S.K.: 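Sharing a structure with you now.
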Amino acid sequence: MASEMTRRRLLVAVAAGSALAACERMAVGSGFLESLGRWNARVDRFLFGPARLAGELPPTATTPGNAFPSYFISDDMPFPPAGWTLKVGGLVARPTTFSLDQLQQMTRIDMRVRHHCVEGWSAVASWHGVRLREIAEAVGADPHAGYVEFRSFDSGYWSSWDRESALHKQTLLAYGMDGENLMPDHGAPVRVYSAVKLGYKMVKYLTEVNFLAEPSGGYWEDQGYEWFGGV
Ligand SMILES: Nc1nc2c(c(=O)[nH]1)N[C@H]1C(S)=C(S)[C@@H](COP(=O)(O)O)O[C@H]1N2
Ligand SMILES: [Mo]
């Protein structure tokens, strides 16, 4: 993500610089103000629109591993079944089953962002995994699939997302946390992790990812939590 962050910082710097230049030129007059307004609107959309990148945090912001809460709905800690694989299907050209090894061979992304749980806590970790966007390309996700559903082996916990958030650059299928393999308390072997969703949207203990034409609700969503669950 380093180059993304650099790019974003650069854009902010360019925007600030241009505003200064614009003030100087405003003295000269002409319809410049109007075109500056249009240009600003485009920059705003890039910085604050749905495709924007969320801020990433420095290593010093990291919550110590044992202070990062752990949630699962099962009575006991869910452990992956022997021979665990991830099934990716639904509206895709090539339904595919991925082993953990195959996921780890894809482009690895590292991102340190804040986790927001609606129960009233937040915490920070660094997450390691593959962008869902890369998987969508690999399986040939149908452009008409506007939704993506995540299922787990934790007593049927699931969630469904809008496609744009699912294919956001900061939405990962994470197999690592703070430099280690993901542990059972945080969703091993693979979980969803995203900078753009609240905690309950980030399904742990993944078994399936399905591209769908309609949303399929979710464990908490069907009990009244907001479906979109954006940060
Ligand atoms: N399979 C599964 N995924 C889940 C949950 C769960 O109970 N089961 N809880 C959700 C909620 S409410 C939160 S805040 C986060 C917690 O992630 P953590 O246990 O790594 O802190 O996982 C989410 N994903
Ligand atoms: Mo949560």
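Fair warning: this is a prediction, and the values are worked out from it, not measured in the lab. Counting starts at 1 for both ligands and their atoms, in listed order.
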S.K.: Does a side chain donor of either Trp227 or Ser160 reach within less than 3.5 Å of an acceptor in the other side chain?
M.R.: yes
S.K.: Thr107 and Arg131: side-chain donor and acceptor closer than 3.5 Å?
M.R.: no
S.K.: Can you tell me which residue among Pro215, Ser216, Ser194 is in a side chain to side chain contact (heavy atoms under 4.5 Å, CB included) with Trp161?
M.R.: Ser194
S.K.: Provide, line by line, the atom pairs where ligand 1 and the protein bring an N/O atom each to a distance under 3.5 Å; else say none.
M.R.:
| from | atom 1 | to | atom 2 | distance (Å) |
| --- | --- | --- | --- | --- |
| ligand 1 | 1 (N) | Ser152 | OG | 3.4 |
| ligand 1 | 1 (N) | Asp154 | OD2 | 3.3 |
| ligand 1 | 1 (N) | Lys204 | O | 3.2 |
| ligand 1 | 3 (N) | Lys204 | N | 3.0 |
| ligand 1 | 7 (O) | Ile73 | N | 3.2 |
| ligand 1 | 8 (N) | Asp154 | OD2 | 2.5 |
| ligand 1 | 17 (O) | Arg191 | NH2 | 3.2 |
| ligand 1 | 19 (O) | Tyr71 | N | 2.8 |
| ligand 1 | 19 (O) | Lys204 | NZ | 2.4 |
| ligand 1 | 20 (O) | His186 | ND1 | 2.6 |
| ligand 1 | 20 (O) | Arg191 | NH1 | 2.7 |
| ligand 1 | 21 (O) | Pro69 | O | 2.6 |
| ligand 1 | 24 (N) | Met202 | O | 2.9 |

S.K.: Any salt bridge between Asp185 and Lys204, counting N to O under 4.0 Å?
M.R.: no
S.K.: Between Phe228 and Lys197, is there a cation-pi geometry (under 6.0 Å to ring centre, at most 45° from the normal)?
M.R.: yes
S.K.: Hey, can you tell me if Trp220 and Tyr225 have their rings parallel, tilted or perpendicular (30° and 60° cut-offs)?
M.R.: parallel
